[in-house]
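Given the structure is predicted, the values throughout are model-derived calculations rather than measurements. FYI, side chains are in, hydrogens and waters are out, and symmetry mates aren't considered; it's all heavy atoms of this structure. The first residue in the sequence is number 1, and the count goes up from there.
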Amino acid sequence: MNLLKRCIYGFSIITLASMNVQCKSDKKSEQASQDATTAEAVTIEKSAYGTTPKGDKIDSYKLKNQKGMEVDIMTYGGIITSLKVPNKDGKSEEVVIGFNNLEQYTKDNPYFGALIGRYGNRIAKGKFTLDGKEYQLAKNNGENALHGGPEGFHRVVWTAVEAKGGDVATLKLKYVSKDMEEGYPGNLTVFVTYTLNNENALDVLYEATTDKKTVVNLTQHSYFNLSADFKKPILNDEIVIDADKLVPVDANLIPTGQLTDVTNTPFDFRKPKAIGKEIEAKDDQLIKGKGYDHCWVLNNQDKGYRFAASAYDPTTGRFLEVFTDQPGIQLYTGNFLDGTLPMRDGGTYAHRTGLCLETQHYPDSPNQKSFPSTVLNPGENYKTKTTFKFSVK
Ligand code: GLA
């Protein structure tokens with residue numbers, strides 16, 4: 001229509017011959033601008049992933065941009081099954097640990113790629129009190145509750161309520177966790193929206209509302225190996241964590257309640273430092289965590305959404321920056337990976353071949369009065385955002 005209008009306009013002011021030229025060149029420029037739009041588009045494509053042992057059909061969504069990044073997310077556990085990003089030579093490769101079939105995810109999965117809720121990290125003895133009423137959760141980590149319970153949000157089926165491409169690709173997942181599911185009070189309606197843009201950033205937006213007072217602490221549990229060589233431990237990765245303080249833990253990885261200064265400890269990542277540099281130090285906290293498995297108290301909490309941490313693999317040049325509005329971040333260095341779980345194309349995932357950067361509130365907050373609150377009341381909106389941004393250097 002535009003083209004026609006312009007041609008008519010052209011006809012009134014110029015000769016037939018020159019109009020012909022004008023229309024041709026308009027056609028060309030329209031085609032070019034269409035190409036530009038297509039070239040910039042971030043796409044999303046749905047496919048069937050499999051059927052769970054309970055008979056649920058699981059879909060997978062591939063979000064793909066024009067900068068060599070693609071992310072596969074399935075409706076089971078909202079799990080990121082694959083994330084590919086370019087290295088410094090422009091070669092796009094897999095950088096997250098994962099399995100190659102649904103069955104394995106439903107069997108034994110230490111949260112590979114999964115959405116974690118209702119409460120990410122540990123709650124001491126699986127117990128907490130709200131308005132004088134004690135709630136008992138399943139103990140799925142020794143005496144403690146971990147990552148929302150045995151099924152949590154990582155082993156449930158999410159519904160894709162929106163899947164669209166364009167300038168960015170968006171996958172919005174929904175899950176309704178019933179009152180007293182895994183022992184938590186209140187019907188909790190949760191939305192998690194994954195958005196991929198053309199700057200190689202993946203946003204994860206978490207939203208929730210409840211009809212009864214409850215606790216909420218949602219996170220994402222992808223294990224990154226930026227080298228793309230899953231046989232190689234992540235010990236050479238250089239980490240930065242913008243945190244002056246740590247949440248120290250006891251032998252069961254439950255916070256002691258203090259927040260300690262990281263200065264002159266292996267937990268000081270305010271300047272880039274290889275994970276492996278001090279991981280074997282005779283440090284009480286490292287011994288308790290069997291490596292790094294701790295929550296840091298992020299700086300600049302009053303700023304809201306800001307830089308939190310980064311990981312850099314010097315061999316491939318891949319650089320991951322994490323931004324969040326959350327008060328804490330758990331760095332977990334795959335200390336429990338023990339060579340029993342299968343890699344995608346043969347072999348098994350060995351000790352420390354992946355690292356997690358889990359943005360969150362501090363562990364055991366429901367029992368720690370001095371920690372920022374994780375309580376969600378009816379009428380309130382839980383809303384938090386984390387970004388995983390990839391580049392090379
Ligand atoms: C979290 C915990 C770890 C471990 C892993 C999964 O990061 O903090 O202790 O449980 O999940 O194995």
Please check if the side chain of [X] supplies one atom and the backbone of [Y] the other of a donor-acceptor pair under 3.5 Å.
X	Y	value
Asn217	Gln360	no
Lys174	Glu162	no
Arg318	Leu226	yes
His294	Gln285	yes
Asn187	Asp211	no
Thr159	Val161	no
Lys46	Asp59	no
Ser177	Leu188	no
Asp89	Lys91	no

Can [X] and [Y] be counted as an ion pair, charged N to O under 4.0 angstrom?
X	Y	answer
Glu70	Lys62	yes
Arg352	Glu280	yes
Asp131	Lys133	no

Go through the side-chain N and O atoms of [X] and [Y] and say whether any donor and acceptor fall under 3.5 Å apart.
X	Y	result
Asp229	Ser227	no
Gln220	Ser222	yes
Asn200	Asn65	yes
Thr256	Asp250	no
Asn121	Gln330	yes

- Task: Establish, for the pair Lys389 and Phe323, whether the NZ or CZ atom is under 6.0 angstrom from the six-membered ring centre and no further than 45 degrees off its axis.
- Result: no

- Item | ILVMFWY network linking Tyr332 to Val204, side-chain heavy atoms under 4.5 angstrom | no

How many angstroms lie between atom [atom1] of [X] and atom [atom2] of [Y], to the nearest 0.5 angstrom?
X	Y	atom1	atom2	value
Cys295	Leu259	SG	CG	9.5 Å
Leu205	Thr195	CG	OG1	7.0 Å
Asn144	Arg122	CG	CZ	7.0 Å
Thr193	Tyr206	OG1	OH	10.5 Å

Measure the shortest side-chain to side-chain distance between [X] and [Y] over non-hydrogen atoms and say whether it is less than 4.5 angstrom.
X	Y	answer
Tyr49	Thr75	no
Tyr119	Ser365	yes
Tyr223	Leu337	yes

- Per the side chain to side chain donor-acceptor pair (under 3.5 Å) rule, which among Thr210, Thr214, Thr374 passes with Arg118? Thr214

- Summary of salt bridge (Lys or Arg N to Asp or Glu O under 4.0 Å) pairs that have at least one residue in residues 355-371, sequence neighbours excluded: none

- Between Tyr61 and Tyr194, ring centroids under 6.0 Å: no

- From the options Tyr111, Phe112, Tyr76, Tyr105, select the one residue that forms a ring pair (Phe, Tyr, Trp, His ring centres under 6.0 Å) with His154. Tyr111

- Which atoms form the tightest heavy-atom contact between Ile58 and Leu102, and what is the distance? CG1-CD2, 3.7 Å

- Query: What pair of heavy atoms forms the shortest contact from Ile239 to Phe269, and how long is it?
  - Reply: O-CD2, 3.5 Å

- Task: Go through the steps for Glu182 and Leu137 under the test side chain to side chain contact (heavy atoms under 4.5 Å, CB included), then give the verdict.
- Result: CA-CA 6 Å; Glu182 298 285 36; Leu137 313 169; 5.7 Å; no

- Query: For Glu45, does the CD atom have more than 12 heavy-atom neighbours from other residues, nucleotides or ligands under 6.0 Å away?
  - Reply: no

- Apply side-chain hydrogen bond (donor to acceptor under 3.5 Å, both in side chains) to the pair Asn101 and Gln104, showing each step before the final yes or no. CA-CA 6 Å; Asn101 64 82; Gln104 186 62 48; 5.5 Å; no

- From CA spacing to verdict: ring-ring contact (aromatic ring centres under 6.0 Å, His included), Phe224, Phe388: CA-CA 11 Å; Phe224 298 98; Phe388 298 100; 5.6 Å; yes

